[in-house]
Amino acid sequence: MSDLLSTLRRRVELADGAWFLPGAIAESAPDLLAAINFVASVSPFRTLTTRRGGRLSAAMTSCGTHGWHSDRSGYRYLEDDPLTHRAWPDMPTLLRDLAGRVAGEAGYPGFVPQIGLINRYAPGARMGLHQDRDEPDLSAPVVSFSLGLTARFLFGGLERDAPTTSVVLEHGDAVVWGGASRLAFHGVSTVRPGHHPLTGAFRYNLTFRII
DNA sequence: CAGTTACA
DNA sequence: CCAA
(Lines give C-alpha, C1' and ligand atoms only; values in the text may rest on other atoms or scores of the structure.)
Protein backbone atom coordinates (compact mmCIF):
# COMPACT_ATOMS: atom_id res chain seq x y z
CA MET A 1 0.00 0.00 0.00
CA SER A 2 1.36 3.41 -0.93
CA ASP A 3 2.22 6.06 1.64
CA LEU A 4 -0.47 8.24 0.09
CA LEU A 5 -3.22 5.70 0.65
CA SER A 6 -2.03 4.87 4.16
CA THR A 7 -2.28 8.53 5.10
CA LEU A 8 -5.84 8.54 3.81
CA ARG A 9 -6.90 5.48 5.75
CA ARG A 10 -9.82 5.77 8.16
CA ARG A 11 -8.98 6.44 11.80
CA VAL A 12 -11.44 6.31 14.67
CA GLU A 13 -10.53 7.90 18.02
CA LEU A 14 -11.81 5.61 20.80
CA ALA A 15 -10.67 7.93 23.59
CA ASP A 16 -8.17 10.76 24.03
CA GLY A 17 -5.00 9.42 22.36
CA ALA A 18 -6.48 5.99 21.47
CA TRP A 19 -6.94 5.19 17.79
CA PHE A 20 -8.64 2.36 15.93
CA LEU A 21 -7.07 1.86 12.48
CA PRO A 22 -9.27 -0.53 10.48
CA GLY A 23 -7.38 -2.64 7.97
CA ALA A 24 -4.04 -0.97 8.72
CA ILE A 25 -2.05 -4.22 8.54
CA ALA A 26 -4.26 -6.28 6.24
CA GLU A 27 -1.81 -6.39 3.35
CA SER A 28 0.93 -7.79 5.59
CA ALA A 29 -1.20 -10.46 7.23
CA PRO A 30 0.41 -13.50 5.55
CA ASP A 31 3.90 -12.26 6.44
CA LEU A 32 2.76 -11.52 9.98
CA LEU A 33 1.50 -15.09 10.33
CA ALA A 34 4.87 -16.37 9.15
CA ALA A 35 6.57 -14.16 11.76
CA ILE A 36 4.26 -15.51 14.47
CA ASN A 37 5.13 -19.06 13.45
CA PHE A 38 8.83 -18.23 13.65
CA VAL A 39 8.47 -16.77 17.14
CA ALA A 40 6.42 -19.76 18.31
CA SER A 41 9.00 -22.17 16.87
CA VAL A 42 11.58 -20.67 19.26
CA SER A 43 9.34 -19.77 22.24
CA PRO A 44 6.17 -21.85 22.04
CA PHE A 45 2.74 -20.59 23.04
CA ARG A 46 1.97 -21.38 26.66
CA THR A 47 -0.83 -20.78 29.14
CA LEU A 48 0.11 -18.55 32.07
CA THR A 49 -1.22 -18.53 35.62
CA THR A 50 -2.21 -15.58 37.78
CA ARG A 51 -0.88 -14.84 41.25
CA ARG A 52 -3.93 -16.43 42.84
CA GLY A 53 -3.81 -19.60 40.75
CA GLY A 54 -6.16 -18.67 37.92
CA ARG A 55 -5.25 -19.43 34.33
CA LEU A 56 -5.28 -17.01 31.42
CA SER A 57 -7.42 -18.42 28.63
CA ALA A 58 -5.32 -16.88 25.86
CA ALA A 59 -2.03 -18.67 25.10
CA MET A 60 0.98 -16.35 24.95
CA THR A 61 4.53 -15.98 23.73
CA SER A 62 6.85 -13.03 23.21
CA CYS A 63 9.69 -11.74 21.08
CA GLY A 64 12.22 -8.97 21.54
CA THR A 65 14.44 -8.06 24.47
CA HIS A 66 11.98 -9.32 27.12
CA GLY A 67 8.81 -11.34 27.36
CA TRP A 68 5.70 -10.70 29.45
CA HIS A 69 5.08 -13.34 32.09
CA SER A 70 2.62 -14.10 34.88
CA ASP A 71 2.81 -16.68 37.64
CA ARG A 72 2.43 -16.88 41.43
CA SER A 73 4.95 -14.04 41.70
CA GLY A 74 2.75 -11.71 39.67
CA TYR A 75 3.14 -9.89 36.37
CA ARG A 76 6.52 -8.88 35.02
CA TYR A 77 8.85 -8.83 32.04
CA LEU A 78 11.58 -11.48 31.89
CA GLU A 79 14.85 -11.37 29.99
CA ASP A 80 14.73 -15.10 29.34
CA ASP A 81 11.87 -17.43 28.45
CA PRO A 82 11.16 -19.53 31.57
CA LEU A 83 9.92 -22.33 29.30
CA THR A 84 13.11 -22.68 27.23
CA HIS A 85 15.56 -21.04 29.68
CA ARG A 86 16.89 -19.14 26.70
CA ALA A 87 16.51 -15.64 25.31
CA TRP A 88 13.21 -14.78 23.64
CA PRO A 89 13.41 -14.79 19.83
CA ASP A 90 14.48 -11.56 18.20
CA MET A 91 11.61 -9.41 17.03
CA PRO A 92 11.22 -9.97 13.28
CA THR A 93 12.07 -6.82 11.33
CA LEU A 94 8.64 -6.81 9.71
CA LEU A 95 6.97 -6.56 13.12
CA ARG A 96 9.23 -3.75 14.29
CA ASP A 97 8.79 -1.78 11.08
CA LEU A 98 5.05 -2.28 10.84
CA ALA A 99 4.45 -1.35 14.48
CA GLY A 100 6.49 1.82 13.97
CA ARG A 101 4.54 2.75 10.85
CA VAL A 102 1.16 2.15 12.47
CA ALA A 103 2.15 4.13 15.58
CA GLY A 104 3.08 7.01 13.29
CA GLU A 105 -0.33 6.82 11.59
CA ALA A 106 -1.90 7.21 15.03
CA GLY A 107 0.18 10.27 15.88
CA TYR A 108 3.07 8.62 17.74
CA PRO A 109 6.11 9.06 15.47
CA GLY A 110 9.45 7.39 16.13
CA PHE A 111 8.06 4.33 17.90
CA VAL A 112 10.63 1.51 17.90
CA PRO A 113 9.11 -1.40 19.83
CA GLN A 114 11.29 -3.40 22.18
CA ILE A 115 8.87 -6.21 23.00
CA GLY A 116 6.21 -8.00 21.00
CA LEU A 117 3.69 -9.97 23.07
CA ILE A 118 1.63 -12.44 21.03
CA ASN A 119 -1.71 -13.69 22.36
CA ARG A 120 -3.49 -16.64 20.74
CA TYR A 121 -7.22 -16.92 21.37
CA ALA A 122 -9.11 -20.13 20.65
CA PRO A 123 -12.91 -19.85 20.68
CA GLY A 124 -14.00 -19.39 24.30
CA ALA A 125 -10.85 -17.46 25.25
CA ARG A 126 -11.16 -13.91 26.55
CA MET A 127 -9.14 -11.17 28.22
CA GLY A 128 -10.62 -9.38 31.18
CA LEU A 129 -10.32 -5.62 31.58
CA HIS A 130 -6.79 -4.73 32.59
CA GLN A 131 -4.11 -2.05 32.29
CA ASP A 132 -0.74 -2.46 30.58
CA ARG A 133 1.23 -1.06 33.48
CA ASP A 134 4.30 -3.26 33.79
CA GLU A 135 6.34 -0.92 31.59
CA PRO A 136 8.50 1.65 33.45
CA ASP A 137 8.42 3.93 30.39
CA LEU A 138 4.82 5.04 29.97
CA SER A 139 5.67 7.73 27.42
CA ALA A 140 5.51 5.24 24.55
CA PRO A 141 2.17 4.00 23.21
CA VAL A 142 0.97 0.40 22.96
CA VAL A 143 0.40 -0.85 19.42
CA SER A 144 -1.99 -3.76 18.84
CA PHE A 145 -2.54 -5.89 15.70
CA SER A 146 -5.44 -8.31 15.17
CA LEU A 147 -5.33 -11.38 12.93
CA GLY A 148 -7.79 -14.18 12.25
CA LEU A 149 -11.07 -14.55 14.11
CA THR A 150 -13.04 -11.44 15.00
CA ALA A 151 -13.34 -10.23 18.58
CA ARG A 152 -15.05 -7.44 20.48
CA PHE A 153 -12.47 -5.07 22.00
CA LEU A 154 -13.50 -3.17 25.13
CA PHE A 155 -11.79 0.14 25.85
CA GLY A 156 -12.47 1.88 29.16
CA GLY A 157 -10.98 4.62 31.26
CA LEU A 158 -8.29 4.99 33.89
CA GLU A 159 -10.40 3.26 36.55
CA ARG A 160 -11.81 -0.23 36.30
CA ASP A 161 -15.32 1.02 36.90
CA ALA A 162 -15.26 3.58 34.08
CA PRO A 163 -17.65 2.94 31.19
CA THR A 164 -16.25 1.15 28.16
CA THR A 165 -16.66 1.70 24.46
CA SER A 166 -16.28 -1.29 22.18
CA VAL A 167 -15.26 -1.97 18.62
CA VAL A 168 -15.22 -5.20 16.64
CA LEU A 169 -11.64 -6.03 15.76
CA GLU A 170 -11.26 -7.95 12.51
CA HIS A 171 -8.38 -9.52 10.66
CA GLY A 172 -5.94 -6.78 9.67
CA ASP A 173 -7.07 -4.13 12.14
CA ALA A 174 -4.78 -2.15 14.46
CA VAL A 175 -5.33 -0.18 17.66
CA VAL A 176 -2.87 2.28 19.20
CA TRP A 177 -3.21 3.89 22.62
CA GLY A 178 -0.91 6.31 24.37
CA GLY A 179 -0.83 9.73 25.97
CA ALA A 180 -3.90 10.25 28.15
CA SER A 181 -5.08 6.72 27.29
CA ARG A 182 -1.82 4.89 27.95
CA LEU A 183 -3.11 3.37 31.20
CA ALA A 184 -6.70 2.87 30.06
CA PHE A 185 -8.38 -0.40 31.00
CA HIS A 186 -9.03 -2.64 28.03
CA GLY A 187 -9.96 -6.24 27.27
CA VAL A 188 -11.47 -8.66 24.80
CA SER A 189 -14.88 -10.37 25.03
CA THR A 190 -15.03 -14.14 24.66
CA VAL A 191 -13.98 -15.13 21.15
CA ARG A 192 -16.78 -16.91 19.31
CA PRO A 193 -16.31 -20.09 17.28
CA GLY A 194 -15.38 -19.58 13.66
CA HIS A 195 -12.88 -20.28 10.93
CA HIS A 196 -10.48 -17.94 9.18
CA PRO A 197 -8.71 -18.95 5.96
CA LEU A 198 -5.32 -17.76 7.24
CA THR A 199 -5.45 -18.62 10.94
CA GLY A 200 -7.98 -21.45 11.15
CA ALA A 201 -9.73 -21.52 14.52
CA PHE A 202 -7.60 -18.83 16.18
CA ARG A 203 -7.45 -15.14 16.77
CA TYR A 204 -3.95 -13.69 17.17
CA ASN A 205 -3.23 -10.39 18.84
CA LEU A 206 0.21 -8.80 18.82
CA THR A 207 0.97 -5.95 21.21
CA PHE A 208 4.14 -3.93 20.92
CA ARG A 209 5.60 -2.10 23.89
CA ILE A 210 8.66 -0.28 25.21
CA ILE A 211 9.75 -0.87 28.78
C1' DC B 1 -8.88 -8.22 39.36
C1' DA B 2 -4.56 -10.08 32.15
C1' DG B 3 -8.48 -14.34 37.49
C1' DT B 4 -12.77 -17.36 39.35
C1' DT B 5 -17.00 -17.94 41.83
C1' DA B 6 -21.46 -17.33 44.37
C1' DC B 7 -25.79 -15.74 44.29
C1' DA B 8 -30.08 -12.57 43.24
C1' DC C 1 -24.70 -11.90 33.88
C1' DC C 2 -23.01 -8.82 37.43
C1' DA C 3 -21.07 -7.78 41.83
C1' DA C 4 -17.56 -8.97 45.05
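Reminder, nothing fancy here: chain letters follow the sequence lines and each chain counts from 1. Heavy atoms only: backbone and side chains are in, while hydrogens, waters and symmetry mates are out.
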Have [X] and [Y] got a donor and an acceptor in their side chains that come within less than 3.5 Å?
X	Y	value
A/Asp132	A/His130	yes
A/Arg72	A/Thr49	no
A/Thr47	A/Arg55	no

Legend entry - Heavy atoms of other groups near A/Asp90 CG, more than 12 under 6.0 Å: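 No.
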
Legend entry - A/Arg76, CZ atom: more than 12 neighbouring heavy atoms under 6.0 Å: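 Check passes, neighbour count above 12.
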
Inset, instruction - Take the angle between the ring planes of A/Trp177 and A/His186 and call it parallel below 30°, perpendicular above 60°, tilted in between. - result: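 The arrangement is tilted - the two ring planes meet at 30° to 60°.
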
Inset, instruction - Specify whether A/Tyr77 and A/His66 have parallel, tilted or perpendicular ring planes, treating 30° as the upper limit for parallel and 60° as the lower limit for perpendicular. - result: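 Perpendicular, since the angle between the ring planes exceeds 60°.
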
Rounded to the nearest angstrom, tell me the gap between atom [atom1] in [X] and atom [atom2] in [N].
X	N	atom1	atom2	result
A/Arg52	B/dC1	CZ	C1'	8 Å
A/Arg51	B/dG3	CZ	P	15 Å
A/His130	B/dT4	NE2	P	14 Å
A/Arg55	B/dC1	CZ	P	16 Å
A/Met127	B/dT4	CE	C1'	15 Å
A/Arg126	B/dG3	CZ	C1'	9 Å
A/Arg133	B/dC1	CZ	C1'	12 Å

Legend entry - Test applied, ring pair (Phe, Tyr, Trp, His ring centres under 6.0 Å); reference residue, A/Phe208; option that passes from A/Trp68, A/Tyr108, A/Phe145, A/Phe111: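 Exactly one option meets the ring pair (Phe, Tyr, Trp, His ring centres under 6.0 Å) with A/Phe208, and it is A/Phe145.
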
Inset, instruction - Say whether, by atom type as modelled, one donor and one acceptor occur between the side chain of A/Asp71 and the main chain of A/Arg51 under 3.5 angstrom. - result: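 A pair under 3.5 Å: no.
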
Inset, instruction - Give me the residues of residues 134-173 of chain A where at least one heavy atom lies under 4.0 Å from an atom of DNA chain B, by number, or none. - result: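 Going residue by residue through residues 134-173 of chain A, the ones with a heavy atom under 4.0 Å of DNA chain B turn out to be A/Asp134, A/Arg160.
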
Legend entry - Touch class at under 4.0 angstrom, heavy-atom based, for A/Leu129 against every strand present: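 Result for A/Leu129 = sugar-phosphate.
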
Inset, instruction - Assign A/Arg72 to base, sugar-phosphate, or nothing according to its heavy-atom contacts below 4.0 angstrom with the strands shown. - result: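 Nothing, no heavy atom under 4.0 Å.
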
Inset, instruction - Any chance you could encode DNA chain C as dot-bracket? Rule is Watson-Crick or G-U wobble with both distances under 3.5 Å; [ ] for pairs crossing earlier ones, | for another strand. - result: ..||

Legend entry - Pairwise P distance for B/dT5 and B/dC1, with rounding to whole Å: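 Those two atoms are separated by 15 Å.
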
Legend entry - B/dG3 to B/dC7 separation - P atoms, rounded to the nearest Å: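 It works out to 23 Å between them.
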
Legend entry - Anti versus syn assignment for B/dC1, with syn defined as within 90° of 0: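 Here B/dC1 takes the syn form, which means its glycosidic angle is within 90° of 0.
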
Inset, instruction - Tell me the partner of B/dC1, counting only Watson-Crick (N1-N3 plus N6-O4 or O6-N4) or G-U wobble (N1-O2 and O6-N3) with both under 3.5 Å; none if nothing fits. - result: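 Result: none.
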
